[in-house]
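Data block below; observations after.
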Amino acid sequence: EEIPGPPLDIRLVQAGPRLGWAWGFHTYIGDDSPCDSCEINWLDPEPDRDSSDYEIYIQELQAIEGGEDFFNSSGQTCQINFFRGCYQPPTEEEYKRLRREYNTD
């Protein structure tokens, strides 16, 4: 079976006041399923633990890291599942291996 390549794009992500980016793709183009996202590459440091924004940041971060849906800058629902542990796009071989493993689970 031929495994198609992913249509990757870059998305902005926010947890509390903290901004980051993640690349990802929709596993099933054209439906309402969440996009698969890589780990978030943060652009700025965590808020200070004593700041009023820290608790909001931690709650939103834990939801994202726990596999819950989050929204990117385009308003799409995303999850970190398929690409958990990836910070950069996989090579074509790595991607095909991931797809085979993901589809057999």
> With Glu46, which residues qualify under side chain to side chain contact (heavy atoms under 4.5 Å, CB included), at least two apart?
Replying inline: Arg18, Tyr54, Tyr57
>> List the residues meeting side-chain hydrogen bond (donor to acceptor under 3.5 Å, both in side chains) with Tyr87, not counting sequence neighbours, and say none if there are none.
In response: none
> In terms of side-chain geometry, is the basic nitrogen of Arg97 or Glu93 positioned less than 4.0 Å from the acidic oxygen of its partner?
Replying inline: no
>> For a quick test of reading the model, state the closest non-hydrogen atom pair linking Ala22 to Val13 and the distance between them.
In response: CB-CG2, 4.3 Å
> Mind checking what makes side-chain hydrogen bond (donor to acceptor under 3.5 Å, both in side chains) contact with Thr91, not counting sequence neighbours?
Replying inline: Glu94
>> List the residues meeting side chain to side chain contact (heavy atoms under 4.5 Å, CB included) with Asp48, not counting sequence neighbours, and say none if there are none.
In response: Asp50, Ser51
> Counting only N and O atoms by type, is there a donor-acceptor contact under 3.5 Å from the side chain of Gln14 to the main-chain atoms of Gly16?
Replying inline: yes
> CD of Gln59 to CD of Glu55: how many Å apart, nearest 0.5 Å?
Replying inline: 5.0 Å
>> Using every non-hydrogen atom in the two residues, find where Asp44 and Pro17 come nearest and quote the distance to one decimal.
In response: OD2-O, 4.1 Å
> By side chain to side chain contact (heavy atoms under 4.5 Å, CB included), which residues pair with Ile56, not counting sequence neighbours?
Replying inline: Glu60
>> Nearest 0.5 angstrom please: Ile40 CD1 to Trp21 CH2, how far?
In response: 11.0 Å
